[in-house]
Structures are given as C-alpha cells and as structure tokens.
Amino acid sequence: MTELPSTTVEIMRPFIPARNFTLSQEFYEALGFNVTVVAPRIATVVASDGKSGFLLQNFYQKDLAENLMMQIIVPDVDAWWAHIQSLSLPERFGVNAPKSPVAEAWGMRVAYVWDPSGVLWHIASKA
C-alpha cells in the first residue's frame, strides 16, 4: 500500500445547492452563520467555530436538494429551537415550517429545518 504524505484532513465541506442564491445566503445568515461569496457562484457558509461549514452553490436540481439532509450537532437543541422560532422562517423565506425537537430512536433530540431549496437540516443534541 502506498503511504500518503499526510492523512490529516484540515476541513471537509459539502456543496449545498441553492435555488435562489441570494435568498439562501440571507437564510443562513439569519440562522447565525457567516456567509462570504468567494466566487460568482460559490459562497462559504461557516459556523461560529470558524471551521465547520459548507459551500453554498448557485446551482439547483430539485431531486438533489429535496433528498439532501445535513446534520448539525449542538450542545443545546432547545436554545437553537428558541432562536429558530424567533426568525419566522416560513414567512421570511418561504420555507416549510420547522419541526420542534423530538427524541429520536438513535439517542438524539432533533429539530428539523428546511432551507429555501428544500434541503433538510437536522439540528441535534444528545437526548
């Protein structure tokens, strides 16, 4: 087996589709992420830890977006839920109504939030 120069991963970021690039940027900023457009069709979306995040792309395919799920593990899902409720996401962004935290069989409490493109976010903490 060939030895790799380094097996350390500095960061791993998925590309998330955006049906409306500007609206999606505003949505993620409202949630509390730092959004920076880095190219005409790409923005970095970074969490408060300065490292976790993803690349928002000005690209949309309905089947992809509506079958994509992302997970955020947080220390306190109830604090996140209070923040999410305060944002009036369906009215401001035309998204599905978020679902309040529930205890799931896999041992986490999860709140569900859909972005403007239909991507489902699991915001979770230990039960």
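Everything numeric here is computed off the predicted structure, so don't read it as measured data. Because only heavy atoms are used, hydrogens play no part in the values below, and waters and symmetry mates are left out as well, while side chains stay in.
- Taking each heavy atom of R92 and A30 in turn, the nearest pair found is NH2-CB, 3.9 Å.
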L55/T44 under side-chain contact (heavy atoms from CB on, under 4.5 Å): CA gap, chis, key distance, verdict: CA-CA 5 Å; L55 298 168; T44 58; 3.6 Å; yes

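- Under the 4.5 Å side-chain contact rule for hydrophobic residues, W114 and L64 do not share a cluster.
- No side-chain heavy atom of P116 sits less than 4.5 Å from a side-chain heavy atom of N20.
- Shown here for A65 and S117, the closest heavy-atom pair between the two residues is CB-O, 3.3 Å.
- The aromatic rings of F54 and Y28 lie perpendicular to each other, with more than 60° between the two planes, well past the 30° mark.
- Atom OG1 of T22 is separated from atom CG of N58 by 7.5 Å, given to the nearest 0.5 angstrom.
- V113 and L23 fall within a single hydrophobic cluster, where Ile, Leu, Val, Met, Phe, Trp and Tyr side chains are chained together by heavy-atom contacts under 4.5 Å.
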Check against side-chain contact (heavy atoms from CB on, under 4.5 Å), M108 and I73: CA-CA 9 Å; M108 302 198 89; I73 307 294; 3.6 Å; yes

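- Counting heavy atoms from C-beta outward, L56 and V37 have side chains that stay 4.5 Å or more apart.
- Between I16 and D115 the shortest side-chain heavy-atom distance falls below 4.5 Å.
- Note on F21 and M70: same hydrophobic cluster, where clusters join Ile, Leu, Val, Met, Phe, Trp and Tyr whose side-chain heavy atoms are under 4.5 Å apart, directly or indirectly.
- Taking each heavy atom of S125 and P75 in turn, the nearest pair found is CB-O, 3.9 Å.
- In this structure, the side chains of I11 and R13 come closer than 4.5 Å at one or more pairs of heavy atoms.
- Distance CG/N34 to CD/E29: 8.5 Å, rounded to 0.5 Å.
- The line from CD of Q61 to CG of L68 is 11.5 Å long, rounded to the nearest 0.5 Å.
- Counting heavy atoms from C-beta on, the side chains of V110 and V77 never come closer than 4.5 Å.
- No continuous path of ILVMFWY side-chain contacts below 4.5 Å connects V35 to V38, so the two sit in separate hydrophobic clusters.
- For the atom pair CG of L89 and CG of L31, the computed distance is 6.0 Å after rounding to the nearest 0.5 Å.
- Separation of atoms CG (D78) and CD1 (I84) is listed at 10.5 Å; rounding is to 0.5 Å.
- Residues Y112 and N96 have side chains that never bring a donor and an acceptor to within less than 3.5 angstrom of each other.
- Within the structure, the ring-ring contact (aromatic ring centres under 6.0 Å, His included) test picks out the following pairs touching residues 63-94 (sequence neighbours left out): F27-F93.
- R19 places no side-chain N or O within donor-acceptor distance of the main-chain N or O of Y60, the cut-off being under 3.5 Å.
- In the hydrophobic clustering of ILVMFWY residues, with side-chain heavy atoms under 4.5 Å counting as a link, M12 and I42 come out apart.
- Within the 3.5 Å criterion, the main-chain N or O of E10 finds a donor-acceptor partner in the side chain of K51.
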